[in-house]
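Residue numbers run from 1 in the order of the sequence given.
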Amino acid sequence: MESAAQVDDTVVLDRQHLARMTLGNRSLEHEVLELFDRQAELLLGRMRKSDSDGVYAMAHALKGSAAGIGAAEVARAAELTERATKGSAEECSAAIDRLAGAVDKARAVITELLRQR
């Protein structure tokens, strides 16, 4: 079993972590990845329309979900987005853009993993 899914030599999703979190249950792994995929898309869309308090709450939720599935880059970008909510609107917008890039990479890997099922 491959330990991590990769895009451009960067680990995007730690498959070993995901397997531990789902107790090796492939069906549960599939379900969790589908949920994360939908949640990430929904939260990013809402972040772009929210005030800083809303962005903070959604970034925090996404950070926890990303950490849970082993998407460390998304979790880090979400944490930076949380911090950016304390700055200017431009800083917050830039952080959301970076988060969206990390989410796009993770969603691409997730899509590929779900197809392999």
Side-chain angles (χ1 to χ4, degrees):
M1 175 191 223
E2 186 177 281
S3 67
Q6 295 187 335
V7 172
D8 298 328
D9 296 322
T10 303
V11 174
V12 176
L13 185 66
D14 182 338
R15 298 279 310 274
Q16 288 180 345
H17 176 82
L18 179 61
R20 281 191 308 273
M21 296 303 287
T22 58
L23 304 174
N25 182 321
R26 301 286 276 173
S27 180
L28 180 57
E29 182 179 306
H30 186 270
E31 188 175 334
V32 167
L33 290 174
E34 284 181 328
L35 288 170
F36 177 82
D37 186 58
R38 286 194 302 267
Q39 178 192 42
E41 180 181 30
L42 178 70
L43 290 177
L44 278 171
R46 289 182 178 173
M47 276 185 209
R48 297 196 185 280
K49 299 173 186 173
S50 294
D51 63 11
S52 61
D53 290 340
V55 170
Y56 181 91
M58 287 179 266
H60 186 75
L62 191 53
K63 178 178 74 174
S65 295
I69 66 163
E73 183 179 349
V74 174
R76 282 190 300 273
E79 182 175 356
L80 293 173
T81 301
E82 285 177 327
R83 292 180 190 170
T85 63
K86 307 301 180 209
S88 70
E90 293 79 19
E91 290 170 324
C92 189
S93 181
I96 292 170
D97 289 343
R98 287 188 299 275
L99 176 57
V103 166
D104 286 346
K105 283 190 219 175
R107 290 184 73 212
V109 169
I110 288 168
T111 296
E112 185 59 33
L113 291 173
L114 294 176
R115 279 189 196 136
Q116 294 173 7
R117 184 168 191 239

Task: With sequence neighbours excluded, residues passing side-chain contact (heavy atoms from CB on, under 4.5 Å) with Ala77 - done: Leu99, Ala102
TODO: Mind checking side-chain contact (heavy atoms from CB on, under 4.5 Å) for Thr22 and listing every partner two or more places apart, or none if nothing turns up?
DONE: Leu18, Leu28, Glu29, Val32
Task: Set of residues satisfying side-chain hydrogen bond (donor to acceptor under 3.5 Å, both in side chains) with respect to Arg83, sequence neighbours excluded - done: Glu79
Task: With Ser50 via side-chain hydrogen bond (donor to acceptor under 3.5 Å, both in side chains) - residues at least two apart - done: none
Does [X] belong to the same Ile/Leu/Val/Met/Phe/Trp/Tyr cluster as [Y], with side-chain heavy atoms less than 4.5 Å apart forming each link?
X: Leu35; Y: Ile69; value: no
X: Tyr56; Y: Leu44; value: no
X: Val103; Y: Val12; value: yes

Open item on the list: Arg20: which residues meet the salt bridge (charged side-chain N to carboxylate O under 4.0 Å, His left out) condition with it, sequence neighbours left out?
Closed with: none
Task: Pairs flagged by salt bridge (Lys or Arg N to Asp or Glu O under 4.0 Å) wherever residues 33-49 is involved - sequence neighbours left out - done: Asp37-Arg107, Glu41-Arg107, Arg48-Asp97
Task: Any pair counted as salt bridge (Lys or Arg N to Asp or Glu O under 4.0 Å), so long as it reaches residues 53-67, sequence neighbours left out - done: Lys63-Glu82
Open item on the list: Does any part of the side chain of Leu42, heavy atoms only, come nearer than 4.5 Å to the side chain of Gln39, both counted from C-beta?
Closed with: no
Task: His17 side chain to Ala71 backbone, donor-acceptor under 3.5 Å - done: no
